[in-house]
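Below is one structure, written out as C-alpha cells, with a few remarks after it.
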Amino acid sequence: MLKIWSMKKEQQKAENSDGAAAGAAGGPKKKKVTAAQLRVQKDLSELSLGTTMRTDFPDPDNILSFILYIEPDEGMYKGGRFSFTFNITPNFPHEPPKVQCREKIYHPNIDLEGKVCLNILREDWKPVLNLNAVIVGLQFLFLEPNASDPLNKEAAEDLRSNREGFKRNVRSAMMGGSVKGEGFDRVAI
Amino acid sequence: MPSLKEQLKLRIESEVQTQIHVGRSFAMRLETRAYSDLHGTNEVNSGPLSLKGRGNAISISPREQLQAVSAHWSSNPSFPSNLQPHLRPNITTQSQHHQPLPSRPYHLHITAITMSAGPVHPSSEPARWKYLDRIRTRPGPFTTPEMFSGETSAEAMDKMKILVIGAGGLGCELLKNLALSGFKNIHVIDMDTIDISNLNRQFLFRQSDVGKFKAEVAAAFVEKRVKGVKITPHNCKIQDFDEDFYMQFQIVVCGLDSIEARRWINATLVNMVDETVEDSYKPLIDGGTEGFKGQARVILPTITSCLECQLDMHAPRAAVPLCTLASIPRQPEHCIEWAHVIAWDKEKPFPQLDKDDPEHITWLYQKALLRAKEFNISGVTYSLTQGVVKNIIPAIAATNSVIAAACCNEALKIATNCAPYLGYPENNYMMYSGNDSIYTYTFKHEKKDDCPVCGVSARELAVDPKWTLQELVDSFAARPEAQLKKPSVRAEGKTLYMQSPPSLEEQTRPNLEKTLAEGLGLMDGQEIGVTDPAFATVSFKFRLKFT
Ligand SMILES: [Zn+2]
C-alpha cells in the first residue's frame, strides 16, 4: 500500500547502514526529550560568559528560566551589576527568548520597566541565532548605549546632547540616585 | 590588539549578522528563482499566466473560469449559497513538458471534487465514485507495476484510517475533500468551539452551531452529505493523546495555525518510527495558509526533512522595533502595539491581559487612540486593535481551498500510489502565493543532519541502573559514534549534569555521585539528551536500557 517502507529500505542500503541506530524497538517509550529543551541545552553548553557574566538558575531542572548577571568591566556602566530574566517558551527557537532587566536603570535602550530594545530580541530574531548571540548583544548595549534607537527618550536625548553629562547621570543613577526627578535602583558593586 | 569593545563589535558583526544573512539568502534565492521562472527564456506559453516550478509547469486559467467553477458550486442547493468563498482554480497541466509528473495530481483532485458537486441521491451513489474508481483501479502513465495494484488500492483505502488535525478553515475543506476522494474512515481532532467570525469560510458551520465543538459539527455535516463515510470527532487537544492513539492511523493530515502544535505532532510521529515495523511510519501531510500565501508539504518521518528541519521556512511574526513603538510611531498599528506591549505593562489595568475580553481590548483601544492623536495618526479602530493584539492574519477562503486540495491530493496519491507524491521521489514542499498573481513553486527541502527531532534518532544505550551518573558520563567518551569530551546530560524536566554555564555545573555536580535508578529516579526506556560543545551542530539522544 504505502511506498514509504520500501523507500526506507532503499535509503538504508544507500547509506551503507552503520547499524548504530538499530534496535529502536521494544518497551513502552517514556518521556521524550523535546526539541526546544534539547536546543536550549545545546545553547547553554556552548555559552561563553567570560569574566563579566554569570547565570543563576532558580530551579536547575527548569533550564527555560534563568537570570543573567552582567558586570561590565569597561565603558560608562563599569562598576555596575545588572541582571536580566530569561524566559524561553516551548516554541524556542521559533520565538526569541523573553528578556527583561530586573533593575530600574538609566539607559537609552532599556526603559524604566526593564524592556530592552535589542533587534535580535524582536524584529531580527531568527531560529539560527542562539542564546550566545543574545548575551553578546546585551553586553554590547552596556559598552555602547545607542542614542538612535531610544526606548528611554530622555536618556537618549541626554546622551546625544551632552555625553559627559550623560555619563555623570549614569553614575548617579547607578549609585541609586535620581536623574531629572526619577529615582533609580542602586546597581553599583 | 583591538579593545574588548572592538572585539565584541566584530563578533556581533560576524556571528550575528552572517547568521541572519544565511537565513535571508535562502529566501532571496527563492525570490530570484521565482523571478527567473516567471521571466525566463523557457517559459511555457499557455494562456494568460503560466508558471514553472522545478520541472513542472502549471497554467492557471483566467478569472472567468474560476468564476464558472464557483458558480457551479453555488447552483448546488445542498451547499450554502450565502457562503460562497470556494473559488476553485481549474488547474490544468502541461503534459508535453519534460517532466510533467508532479503536476498531474492537481488535475486528479479537481475531477474528484467537481463530479460530486451536484445533489446526490442514494440511487446515484455509485456514479459519484465512477471517476475516482478509474484512477484507483486502472494503471496509468504514473503507476508502476511493483507499487500499484488496481484490484487492491480501492479496497485498501476502504480499510485505511486517516487523521485530520484541525477542523477550522483548512480542516473543513480537508474533511470534505477526503470524504469525496473515497476515504471511508476519518478521525478529526479540534479543541475549539465555533465562533460567529468563523462562518464566512468554515463552510460546514451554521449560525445555529455557534458555541458547539468544531470537530463534532464538521464530522456530522460531512457524514450526512457523503454516504458511507465515518468521521469520528475528538473535541480535545492533540497532546491529550499518546502514541498508541496515533499508531492506529495510516496517514495524518494537518490543517493547523499553530507552529507549536505542528512541532508537537511532528516530533511525536518521528519518535514513533520503529525501523523494524512498517506500520510505524506515518506520512504527515501539512497544510498551512497565511492570507494569500500557503504551503503543502509531506513529511515521511526519518526519510524526508521534517517540520523541525523546516522551522526557518516559517516567517517569524513581523515585529516593529520596540524603540519605534516607544518614540516614533508612524502607523495606527504602532500605536496599538505600543498600548499592548508598553502601556499595559506600565499601568497594569487588569492583572492579566485576556485578549478575548472586550473590556481589555477597549482599554488598549482607548490608549492607542490617545497616542495616535498625540502623533497625528489616523486609523486606530476597535477592530484593528483586536486584529493587531490577537495577531489576526486575514484568512482567505480561496487560499484554504487551494492548499487543502493540494493536501488531499497528496493523501490520495500516498494511499493509492496512483502517482508520485510530495516527498517521493524528490520534491517535498510546495509553496503557493496568491499575493501578486498566482505562483507555485515546488522544491526539495533538505533534511538537516543536526535536526533535534529527526537528525538525531534516539540510540539505545545499555546501562547498569546501579551506575553512578559519573560512570555514565565517562562512558560517553568511549562510545565510537560520539567520543564526547565534555558531555552535558538532561532528561526531560530533569537536569542531570551540565558542564556549562558554571552556576549550573555547580548545582548539578552533586548528581554525579548518585546512581541512575535509585539516586536520580531514571527509568528503563527513558530518553536522555546529550550535548557537547565539541560537536557544535549535533546533539545526541539515547534511550536508556537497563541491564
Ligand atoms: Zn528534522
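Here is how names work: the chains are called A, B, and so on, in the same order as the sequence lines, proteins then strands, and each is numbered from 1.
The part of A/Leu49 that comes within reach of chain B is its side chain, from C-beta onward, which places non-hydrogen atoms under 4.5 angstrom from that chain. For chain A, the nearby part of B/Gln507 is the side chain; its heavy atoms alone come within less than 4.5 Å. Of the atoms belonging to B/Leu325, it is side-chain heavy atoms, and not backbone ones, that fall under 4.5 Å from chain A. Using a 4.5 Å cut-off between heavy atoms, B/Ser488 touches chain A through backbone and side chain atoms alike. Interface remark: A/Pro93 contributes backbone and side-chain atoms alike to the contact with chain B (heavy atom separation under 4.5 Å). Contacts between A/Phe92 and chain B at a heavy-atom distance below 4.5 Å involve the backbone alone (N, CA, C, O). Contacts between A/Glu113 and chain B at a heavy-atom distance below 4.5 Å involve the side chain alone, from C-beta outward. In this structure, chain A has heavy atoms under 4.5 Å from both the backbone and the side chain of B/Arg490. For A/Ala156, no part lies under 4.5 angstrom from a heavy atom of chain B.
By number of non-hydrogen pairs under 4.5 angstrom with chain A, the leading residue of B/Thr268, B/Leu311, B/Thr324, B/Thr152 is B/Leu311. When each of A/Ile63, A/Leu47, A/Asp59 is checked for heavy-atom pairs under 4.5 Å with chain B, A/Ile63 comes out on top. Taking B/Ala491, B/Ala267, B/Pro501, B/Ser149 one by one and counting their heavy-atom pairs under 4.5 Å with chain A, the maximum is reached by B/Pro501. Your options are B/Pro502, B/Pro321, B/Ser327, and the one with the most heavy-atom pairs under 4.5 Å with chain A is B/Pro321.
Taking the six-membered ring for Trp and the full ring otherwise, the centers of A/Phe84 and A/Tyr69 sit at least 6.0 Å from each other.
Not a single donor-acceptor pair under 3.5 Å links the side chain of A/Arg39 to the backbone N or O of B/Pro452. Side-chain atoms of A/Lys78 do not come within 3.5 Å of backbone N or O of A/Leu143 as any donor-acceptor pair. A donor-acceptor distance shorter than 3.5 angstrom exists from the side chain of A/Asn109 to the backbone of A/Asn146, with no hydrogens or angles considered. Without hydrogens or angle criteria, A/Ser45 side chain to B/Pro533 main chain gives no donor-acceptor distance under 3.5 Å.
For the pair A/Lys104 and A/Glu182, the salt-bridge criterion is met [side-chain N within less than 4.0 Å of a carboxylate O]. In this structure, A/Lys180 does not pair ionically with A/Glu154, as no charged nitrogen and carboxylate oxygen lie closer than 4.0 Å.
Considering all non-hydrogen atoms of both residues, A/Thr85 and A/Arg102 come closest at CG2-CD, 3.3 Å.
A parallel orientation is assigned to the rings of A/Phe142 and A/Phe82, their planes being inclined by less than 30° (bins at 30° and 60°).
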